[in-house]
Colleague: 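Following this message is one structure expressed as structure tokens.
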Amino acid sequence: MYFARKLYFGENVGDDSDDSTRMERKKNVLSSGTSRSLYEALLLFDYTLYIWSKYLLNLDADYVIFDRYVFDTVLKHLSRHMAYSTAELSRKYESYVRFFPEPDHVFFLTISIETALQRKDDIPSREYIEEQKDLYDTFFDRLDGATYLDGEEPVDDIIDTIMGEIDD
């Protein structure tokens with residue numbers, strides 16, 4: 001996602017401009033259908049390179065773990081920047097996922113809005129995290145085979161659950 005963000009929006013990793021300024025800039029750039037399509041293609045290309053490079057470099061590992069995987073690209077970058085509906089995002093996910101290694105397991109770690117706001121200092125607003133939580137909850141409710149994990153449980157319990165699923 002680095003190349004797409006850098007080329008399209010002039011953003012650097014860790015861009016510290018406020019969220020409303022960045023979002024307005026993105027809204028303006030992505031207002032054209034051609035621009036939207038090109039951005040989406042760049043985003044997919046960039047993310048595909050990232051995933052495959054990490055995957056291929058770790059083929060000899062017992063486990064390869066991706067935090068967020070393609071779900072985050074579709075849900076965070078496309079929904080927020082392009083205002084796709086949940087149904088459109090599901091279709092985008094189905095068309096994108098074929099470019100990536102199929103995961104053996106998908107875990108969806110959930111926490112409350114309050115916990116998210118306490119743990120992270122880069123959340124633009126409560127409204128933003130509420131919208132993202134609703135979007136992720138809706139998406140993962142539709143996804144077959146995802147295991148939900150309560151992120152408010154002790155870390156050791158979460159690890160035990162994950163290892164139990166993997167070892168089955």
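This structure is a prediction, so every number in the text was calculated from the model and none was measured. Below, each value reflects all heavy atoms present in this structure, side chains not excepted, and no hydrogens, waters or symmetry copies.
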Colleague: Between atom CG of Leu43 and atom CG of Leu38, what is the distance when rounded to the nearest 0.5 Å?
Modeller: 11.0 Å

Colleague: So which atom in Asn58 and which in Val64 form the shortest heavy-atom distance, rounded to 0.1 Å?
Modeller: O-CG2, 3.5 Å

Colleague: First locate atom NZ of Lys133, then atom OG1 of Thr138, and finally report the distance between them rounded to the nearest 0.5 Å.
Modeller: 9.5 Å

Colleague: Check the pair Tyr55 / Phe100 against ring-ring contact (aromatic ring centres under 6.0 Å, His included), numbers first and verdict last.
Modeller: CA-CA 9 Å; Tyr55 181 74; Phe100 301 99; over 10 Å; no

Colleague: Before giving the answer on side chain to side chain contact (heavy atoms under 4.5 Å, CB included), spell out for Met163 and Tyr63 the whole-Å C-alpha distance, their side-chain angles and the decisive distance to 0.1 Å.
Modeller: CA-CA 11 Å; Met163 294 311 292; Tyr63 304 104; 3.4 Å; yes

Colleague: What's the separation between atom CG in Leu44 and atom CD1 in Ile51, rounded to the nearest 0.5 Å?
Modeller: 11.0 Å

Colleague: Salt-bridge test for Glu114 and Arg126: reply yes if a basic N is under 4.0 Å from a carboxylate O, no otherwise.
Modeller: yes

Colleague: Just to verify, what does Arg142 make a salt bridge (Lys or Arg N to Asp or Glu O under 4.0 Å) with, not counting sequence neighbours?
Modeller: none

Colleague: For Tyr47, does its backbone N or O pair with a side-chain atom of Trp52 as donor and acceptor, under 3.5 Å?
Modeller: no

Colleague: What's the spacing between Ile123 CD1 and Glu130 CD if we round to 0.5 Å?
Modeller: 10.5 Å

Colleague: Checking Tyr93 now: which residues fulfil side-chain hydrogen bond (donor to acceptor under 3.5 Å, both in side chains) with it, not counting sequence neighbours?
Modeller: none

Colleague: Heavy atoms only: give me the nearest Ser53-Tyr50 pair and the separation to one decimal.
Modeller: OG-O, 2.8 Å

Colleague: Is it possible for you to say whether Leu57 and Phe99 belong to one hydrophobic cluster, with membership spreading through side-chain heavy-atom contacts below 4.5 Å?
Modeller: no

Colleague: Can you measure from CD1 (Ile111) to CG (Asp150) and round to the nearest 0.5 angstrom?
Modeller: 10.0 Å

Colleague: As a quick check of understanding, evaluate side chain to side chain contact (heavy atoms under 4.5 Å, CB included) for Leu49 and Phe45, giving each step before the final call.
Modeller: CA-CA 6 Å; Leu49 288 177; Phe45 176 74; 3.5 Å; yes

Colleague: Does one side chain, of Thr115 or Ser112, offer a donor that lies under 3.5 Å from an acceptor on the other?
Modeller: yes

Colleague: For Phe140, what residues pass the ring-ring contact (aromatic ring centres under 6.0 Å, His included) criterion, not counting sequence neighbours?
Modeller: Phe71, Phe108

Colleague: Atom CD in Glu165, atom CG in Leu149: separation rounded to 0.5 Å?
Modeller: 8.0 Å

Colleague: Do the non-hydrogen side-chain atoms of Ser90 and Phe139 ever get within less than 4.5 Å of each other?
Modeller: yes

Colleague: Report yes or no: does Arg119 contribute a side-chain atom to a donor-acceptor pair with the main-chain N or O of Ala116 at less than 3.5 Å?
Modeller: no

Colleague: Check whether more than 12 heavy atoms from other residues, nucleotides or ligands sit under 6.0 Å from atom OH of Tyr148, and answer yes or no.
Modeller: yes

Colleague: Give the minimum heavy-atom separation between Thr110 and Asp137, together with the two atoms involved.
Modeller: CG2-OD1, 4.5 Å

Colleague: Return yes if a side-chain donor-acceptor contact under 3.5 Å exists between Glu40 and Tyr96, otherwise no.
Modeller: yes

Colleague: Could you go step by step and tell me if Ile166 and Asp104 meet the side chain to side chain contact (heavy atoms under 4.5 Å, CB included) rule?
Modeller: CA-CA 8 Å; Ile166 291 172; Asp104 294 325; over 6 Å; no

Colleague: Could you tell me whether the side chain of Asp46 and the main chain of Leu42 form a donor-acceptor pair under 3.5 Å?
Modeller: no

